[in-house]
Amino acid sequence: MDQKISLTIDGKKLEASPGQTILEVAGENGIHIPTLCYYKGTTNVGACRVCVVEVENARSLVASCCMPVSQGMMVMTNTERVMNARKLVVELLWSSGDHNCLQCEKNGDCELQDLVYELGIEKPRFDIDSPGYEIEDTNSMIQRDLNKCILCGKCVRVCNEIQVHEVLDFSMRGSNAKVGPAFDTDYIDSECVFCGACVDVCPVGALTFKQARFQGRPWELEKVRTTCPYCGVGCQMDLNINDGKVVKVTTNRDYDKPNQGMLCSKGRFGMNFIDSPDRLKTPLIRRDGELKEASWEETYSYIAEKFASIKKKNGPDSIAGLSSARCTNEENYLFQKFMRAVIGTNNVDHCARL
Amino acid sequence: MTNSIEEIEFTDAILAIGTNTTENHPVIGSRIKRAVRQQGAKLIVVDPRKIPLVKYANIWLRPKPGTNVLVLSGLMNVILNEGLLAKEYIETRTEGFDAFKETIEKYTPEYVEEISGVPADDIRIAARIYGEAERAAILYTMGITQHTHGTDAVKSCANLAMLCGNVGVEGGGVNPLRGQNNVQGACDMGALPNVLPAYQQVASDEARAKFEKAWDVSLPAKPGLTIMEIMDAAHNGDLKGLYIMGENPMISDPDLTHVEASLKNLDILVVQDIFLTETAQLADVVLPSACFAEKDGTFSNTERRVQRIRKAVEAPGEAKADWQIISELATKMNYTMEYSSAEEIMDEINGLTPSYAGITYERIEEEGLQWPCPNTEHPGTKYLHKDKFSRGLGLFSAIDYRPSEELPDEQYPFILTTGRVLYHFHTATMTRRSEGLNEKYPESLAEIDPIVAE
Ligand code: SF4
Ligand code: SF4
Ligand code: SF4
């Protein structure tokens, strides 16, 4: 089991474990092989053929994501033959869709765009022939433009193998092939639970977060890692910020525990409340039956006096506090400290017991 | 949870009782589905409703609402009679087994079927799945706890797990999935009437002395009122002032008429929140606070993992972080609280909370740590009760089934049971403001048996 395999990639002598693929070994050793359909932790399908490499004595080029390493293997990742094959693949993908980067949300963060540049392709040798699908615009969370889809199948695999929502699959064949929910319905009419994982993994602009549309280019967004404020799973996520606003929520599979890059619809699409116009912006004090704006200073004085007089007249146990399962540890700690040390009562609870 | 989320994916059997996991804890739901689809784990679902997980289950037990304890007893009866118990584990690591065994004897599958409606043979099949698994995890939530016999159900889960030697092992455990992001942390931090941080009893002189020294005050020894008692005391006039931070009892508590009358009866109600909630609308004073994206701090998740939240945007208007508001108010009341950051508060927590002693911001920058974590070299604790229970020996409780206190009668012939939905959270103060979530789930639904409906 532990026996190491020695092989050579681009002239470098390397060691690997049995069962590893060429792509994995290359990646571990800092050798770049481009991919489009590869997605760690899911079935390797070898569909896009961008990761092809030349293996000595093999008759044809092999997809490095599917080929296990073997003893003495000699691999070349950037021969002319390899480059030509990759160019052909990328040119075919480019010409078979509507890859207009001008207003694409993925511009600057698109794996197809990067490959075109990396391979130095001026223009595809084939005529551009976009399938002419209508853009799916029937929900406010996920926008689907299948004219940009390169059929890599990552969305299908993340939906079935990682999140196990089992919504997406391929349908039709050949040039009519499509990815989507069963019976070719829109997301909103399907079993889709809007976890947004397919959008996270889509390498191109086929699946995008609709509310983030025109809200900031990828390079303008600042990502701040945080913990989801909803349920007790405590998913790790990135708030994408532009211009002081949360534009969208993405995840990162490198944040392994506890959610391995998974989210649900609440963590993904439940952030509109942050800049809701209904947020409270100033302290309020009830005067003549109505809540009226007040300064912090007068509000603190008002509460302090009231609490002090109750404490004096009726004792500290006639005051109580309800802390919050929604606030931080630090705040819960301070809240109970406030009730116990400042007010002088143990009347503090929160809704865990409900 | 005694064990960790990641362990659920790599166990041999899962018993999910009273948890609609794919809606309430969706990401844990995905782990369960992966365990079944990809790792070959067996799944037992116990729920009166046909929840989405049923599709993945090897067997679905459908008890009448309120008969969970009975079903669990039935499972244990089969395990005992078919010799599927972990004899050595029970002998060396537990106590109270004999009395427990005696109680369980009468809960034969046939007896259980009579009252719960679950076919006796299904109980046998489920018991064999759980009992024969090398490691098995129990997951539960409010479906078994929100009953007058909720405690019995939790203890029955513990009995079942110990009976098969599943506590203190990787992939096993008795795992309550916590509903809110930081309900675990709020308890850990002593936001409870009878305990200080890390469950140190307020009644203990020793515990109080430690906090009195650190906080430089003398502390009350008498345990305080619970949330229900607080409402009652407000109602009858014993309680005069109430300070509510980030809770909305006007929606979340049972019997809203009572809550409203209670809150209105106070001399002063202070509510600190991010929105003018139903509760805040009744307040005398409202304090605007920053939301999770506008401040630093930590939440403790359901597997006891303490994780960071980070300030990403500015709070609106004059709103401030809750910790800032509390410390300024304390200072105004002549008790100085001066903290320049949330991290400084964590430093203080480290010193007073043994289970959090080793959890510093520096250490959880990349990945959260699971308490207990007694010092800064400690790697955190993936699962509890390894080799030894916290109390020494695991205690079997002898539990008899009691019917629910409120049963259908002529005047109220039906049972109403509440549930959650994937797209909304708790009182929906936050999720109702999301365009997408509302689109997907615009209004609450009542589900009713078609025959009854006619
Ligand atoms: S949003 Fe989630 S459930 Fe819906 S199709 Fe994408 S991956 Fe599947
Ligand atoms: S929608 Fe995106 S992820 Fe799915 S197959 Fe098309 S390009 Fe790949
Ligand atoms: S993203 Fe969903 S599963 Fe994860 S913590 Fe938030 S609410 Fe829970």
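Hydrogens, waters and symmetry mates play no part in the numbers below; they use all other heavy atoms, side chains included. Reminder, nothing fancy here: chain letters follow the sequence lines and each chain counts from 1.
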Without swapping roles, check the side chain of [X] against the backbone of [Y] for a donor-acceptor pair under 3.5 Å.
{"X": "B/Trp215", "Y": "A/Val342", "result": "no"}
{"X": "B/Ser434", "Y": "A/Phe269", "result": "yes"}
{"X": "A/Glu330", "Y": "B/Thr298", "result": "yes"}
{"X": "B/Glu6", "Y": "A/Pro258", "result": "no"}
{"X": "A/Ser324", "Y": "B/Gly246", "result": "yes"}
{"X": "A/Arg286", "Y": "B/Ala283", "result": "yes"}
{"X": "B/Gln184", "Y": "A/Gly232", "result": "no"}
{"X": "B/Asp322", "Y": "A/Glu331", "result": "no"}

Parallel, tilted or perpendicular, as decided by the 30° and 60° cut-offs, for the rings of A/Phe307 and B/Tyr243: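 Taking A/Phe307 first and then B/Tyr243, their aromatic rings sit tilted (interplane angle of 30° to 60°).
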Heavy-atom distance under 4.5 Å to chain B: side chain of [X], backbone, both or neither?
{"X": "A/Leu334", "value": "both"}
{"X": "A/Ile142", "value": "neither"}
{"X": "A/Ile310", "value": "side chain"}
{"X": "A/Lys306", "value": "side chain"}
{"X": "A/Ile285", "value": "both"}
{"X": "A/Cys195", "value": "neither"}
{"X": "A/Asn139", "value": "both"}

Rounded distance [0.5 Å steps], [atom1] in [X] versus [atom2] in [Y]:
{"X": "B/Ile326", "Y": "A/Phe335", "atom1": "CD1", "atom2": "CZ", "value": "6.5 Å"}
{"X": "B/Asp284", "Y": "A/Arg287", "atom1": "CG", "atom2": "CZ", "value": "11.5 Å"}
{"X": "A/Arg326", "Y": "B/Asn248", "atom1": "CZ", "atom2": "CG", "value": "11.0 Å"}
{"X": "B/Leu352", "Y": "A/Tyr333", "atom1": "CG", "atom2": "OH", "value": "4.5 Å"}

Interface moiety of [X] toward chain A, non-hydrogen atoms closer than 4.5 Å:
{"X": "B/Val271", "value": "neither"}
{"X": "B/Met1", "value": "neither"}
{"X": "B/Glu9", "value": "side chain"}
{"X": "B/Val217", "value": "side chain"}
{"X": "B/Ala330", "value": "both"}
{"X": "B/Ile230", "value": "side chain"}
{"X": "B/Tyr335", "value": "side chain"}
{"X": "B/Leu282", "value": "backbone"}
{"X": "B/Ala321", "value": "both"}
{"X": "B/Thr353", "value": "neither"}
{"X": "B/Gln307", "value": "both"}
{"X": "B/Lys311", "value": "backbone"}
{"X": "B/Glu294", "value": "side chain"}
{"X": "B/Asn334", "value": "neither"}

For A/Pro283 versus B/Glu318, what's the shortest heavy-atom pair and its separation?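 Nearest pair, atom of A/Pro283 first, then B/Glu318: CD-OE1, 3.9 Å.
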Taking all non-hydrogen atoms of both residues into account, name the closest pair between B/Ala186 and A/Asn332 and its distance.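 The answer is CB-OD1, 3.6 Å.
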Under the side-chain contact (heavy atoms from CB on, under 4.5 Å) criterion, do A/Ile188 and B/Lys440 qualify, and how do the steps go? CA-CA 7 Å; A/Ile188 195 79; B/Lys440 193 66 198 169; 4.1 Å; yes
Counting heavy-atom pairs under 4.5 Å to chain B, which of A/Tyr255, A/Phe194, A/Trp296 comes out on top?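 If we count pairs closer than 4.5 Å to chain B, A/Trp296 comes out on top.
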Heavy-atom pairs under 4.5 Å with chain B, option from A/Arg279, A/Met262, A/Lys266, A/Lys281 with the top count: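 Of A/Arg279, A/Met262, A/Lys266, A/Lys281, A/Arg279 has the most heavy-atom pairs under 4.5 Å with chain B.
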Would you call [X] and [Y] a side-chain contact if the rule is heavy atoms closer than 4.5 Å?
{"X": "B/Lys55", "Y": "A/Glu166", "value": "yes"}
{"X": "B/Ile268", "Y": "A/Tyr302", "value": "yes"}
{"X": "B/Phe299", "Y": "A/Asn329", "value": "no"}
{"X": "A/Met271", "Y": "B/Phe292", "value": "yes"}
{"X": "B/Val285", "Y": "A/Leu284", "value": "no"}
{"X": "A/Asp349", "Y": "B/Leu225", "value": "no"}
{"X": "A/Leu322", "Y": "B/Ile227", "value": "yes"}
{"X": "B/Met245", "Y": "A/Cys327", "value": "yes"}

Stepwise side-chain contact (heavy atoms from CB on, under 4.5 Å) check, A/Glu161 with B/Arg37: CA-CA 9 Å; A/Glu161 297 180 32; B/Arg37 285 275 199 264; over 6 Å; no
Audit row: B/Val183, A/His350, side-chain contact (heavy atoms from CB on, under 4.5 Å) steps and yes/no: CA-CA 9 Å; B/Val183 67; A/His350 69 283; 3.9 Å; yes
A/Lys337 and B/Glu348 ion-paired at < 4.0 Å: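 The answer is yes: the pair qualifies as a salt bridge.
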Salt-bridge test for B/Arg433 and A/Asp278: reply yes if a basic N is under 4.0 Å from a carboxylate O, no otherwise.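 Judged by the 4.0 Å cut-off on N to carboxylate O distance, B/Arg433 and A/Asp278 do form a salt bridge.
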Could you name each residue pair satisfying side-chain hydrogen bond (donor to acceptor under 3.5 Å, both in side chains) that touches residues 339-348 of chain A, not counting sequence neighbours?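 side-chain hydrogen bond (donor to acceptor under 3.5 Å, both in side chains) check on residues 339-348 of chain A returns A/Asp317-A/Thr345, A/Gln336-A/Arg340, A/Arg340-A/Asn346, A/Thr345-A/Asn347.
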Run the side chain to side chain contact (heavy atoms under 4.5 Å, CB included) test against B/Arg310 and tell me which residues pass, sequence neighbours left out.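 Once residues adjacent in sequence are excluded, the partners of B/Arg310 under the side chain to side chain contact (heavy atoms under 4.5 Å, CB included) criterion are A/Val224, A/Arg225, B/Asp296, B/Arg308, B/Glu365.
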Take B/Lys332 and A/Glu305, measure what side-chain contact (heavy atoms from CB on, under 4.5 Å) needs, and give me the verdict at the end. CA-CA 10 Å; B/Lys332 190 82 194 172; A/Glu305 274 164 34; over 6 Å; no
Test B/Val313 against every option in A/Leu239, A/Asp243, A/Asp275, A/Ile274 by the side-chain contact (heavy atoms from CB on, under 4.5 Å) rule and name the one that passes.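 When A/Leu239, A/Asp243, A/Asp275, A/Ile274 are each tested with B/Val313, the side-chain contact (heavy atoms from CB on, under 4.5 Å) holds only for A/Ile274.
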